[in-house]
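Read through the structure below, which is laid out as structure tokens, and then see the notes.
Residue numbers start from 1 in every chain, and the chains themselves are labelled A, B, ... in the order their sequence lines are given, proteins ahead of strands.
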Number of protein chains: 2
Amino acid sequence: MIHEPAACAGRMLAIRDTVELLSGKWKIQIIGTLVFENSMKFMELKRNIPGIGAKMLSKELQELEINQLITRTVCDTKPITVEYKITPYGLTLEPIIAELATWGANHRKHLFSNSN
Amino acid sequence: MIHEPAACAGRMLAIRDTVELLSGKWKIQIIGTLVFENSMKFMELKRNIPGIGAKMLSKELQELEINQLITRTVCDTKPITVEYKITPYGLTLEPIIAELATWGANHRKHLFSNSN
DNA sequence: GAAACTAGTTTCCTTGAAGAAACTCATTAT
DNA sequence: ATAATGAGTTTCTTCAAGGAAACTAGTTTC
């Protein structure tokens, strides 16, 4: 923990990079699911993430793949299925996901204890 | 780490709660700055966060205050200044901010080692 | 009295993110 | 034949997030 202005600016840059990579309404949820389940088919993901449409799911998955956080594998099944899997690199996001989850869970308690 | 579907759904809910609380282009940066600097005036924040406009800064600060992550204190100076300060509760976001920062920093190295 | 400073607010405008619905295409079950 | 399934793509539309610029208001310095 350094307080030099330069180090601070670099830190803010890093934060912005991460946030931008995970931007979009569904990316964190997709990653969160895949970190947890390791691998899922397109339709399984769609069913698992309530409210998401095919277009959005497809788009977000493409962007995650471009950033090497997940892999896309076409499976030779009838009918064809596509398996999405988290990469080892994608798994390095797990601490972030975990912190978001524990903070959110705690926040519920905080709200409850505050609203008498 | 449980894999029951109910626990998984709850976990996803918690993640969404946190993400929503920090939604908006500037909130994480504001929190990041205030976690680091502890307290700042309106204009200091504006100068510290490149690109943000007065309207957005004001709006995001209001929302953060509503969620008790920061406090707003009018100082009796000439001209008046307003001090924004992170609350103890806001400080509990520090692990998230820290993870975002270290992941982003690491991502830079990853990109570098991957290109050529 | 003009200009400058802090801390905003107001108005007006643009653009991109997101959604809904229909469509493709290959295969297979009825 | 027709419906269903998986994995998308395409089109069309809308709404809200965000930005720019001007404005308020109180005080103070030039």
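- With contacts defined as side-chain heavy-atom distances shorter than 4.5 Å, the pair B:N38/B:K85 qualifies.
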**Q.** Derivation of the side chain to side chain contact (heavy atoms under 4.5 Å, CB included) call for B:L93 and B:L22
**A.** CA-CA 10 Å; B:L93 287 169; B:L22 300 176; 4.0 Å; yes
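- Rounding to the nearest 0.5 Å gives a distance of 8.0 Å between CH2 of A:W103 and NE2 of A:H110.
- Of the residues in residues 62-82 of chain B, those with a non-hydrogen atom less than 4.0 angstrom from any atom of DNA chain C are B:Q62, B:R72, B:P79, B:I80, B:T81, B:V82.
- Whole-Å rounding puts the A:K41 NZ to D:dA7 C1' distance at 12 Å.
- Between the CG atom of A:L21 and the CG atom of A:N67 there is a distance of 4.0 Å, given to the nearest 0.5 Å.
- Chain A approaches DNA chain C within less than 4.0 angstrom (heavy atoms of the protein), and the contacting nucleotides run 5' to 3' from C:dA18 to C:dT28.
- Atom CG of residue A:L61 and atom OH of residue A:Y84 lie 5.0 Å apart, to the nearest 0.5 angstrom.
- With sequence neighbours excluded, the residues satisfying side chain to side chain contact (heavy atoms under 4.5 Å, CB included) with B:A101 are A:R11, A:I15.
- Considering only heavy atoms from C-beta on, A:L34 comes within 4.5 Å of A:L45 through its side chain.
- Taking the side chain to side chain contact (heavy atoms under 4.5 Å, CB included) definition, one finds that B:E65 meets it with B:I70, B:R72, sequence neighbours left out.
- A:E83 has its CD atom 15 Å from the P atom of D:dG6, to the nearest Å.
- The salt bridge (charged side-chain N to carboxylate O under 4.0 Å, His left out) analysis of residues 98-107 of chain A, with sequence neighbours excluded, yields no pairs.
- Legend: salt bridge (charged side-chain N to carboxylate O under 4.0 Å, His left out) pairs involving residues 43-57 of chain B, not counting sequence neighbours: none detected.
- Of the residues in residues 18-29 of chain A, those placing a heavy atom less than 4.0 Å from an atom of DNA chain C are A:G24, A:K25, A:W26, in numerical order.
- Between B:G90 and B:T87, the shortest heavy-atom contact is N-OG1, 2.8 Å.
- Listed by chain and residue number, B:V35, B:I86 satisfy the side chain to side chain contact (heavy atoms under 4.5 Å, CB included) test with B:L91 (two or more places apart in sequence, or in another chain).
- Atom CE of A:M56 is separated from atom C1' of D:dT13 by 13 Å (rounded to the nearest Å).
- Within the 4.5 Å cutoff, side-chain heavy atoms of B:L69 are placed close to those of B:Y89.
- Taking five base pairs at each end of the helix from C:dG1-D:dC30 to C:dT30-D:dA1 and finding the rotation axis that steps the C1' atoms of four pairs onto the next four gives two axes whose angle is 20°, to the nearest 10°.
- Partners of B:R108 under the side chain to side chain donor-acceptor pair (under 3.5 Å) rule, at least two apart in sequence or in another chain, are A:D17.
- One interatomic measurement links the two molecules: CD of B:E60 to C1' of D:dG19, which rounds to 13 Å at whole-angstrom precision.
- Contacts with DNA chain D (heavy atom under 4.0 Å) in residues 42-55 of chain B: B:K55, listed by number.
- The side-chain hydrogen bond (donor to acceptor under 3.5 Å, both in side chains) analysis of residues 26-36 of chain A, with sequence neighbours excluded, yields the pairs A:K27-A:E60, A:K27-A:E63, A:Q29-B:R16.
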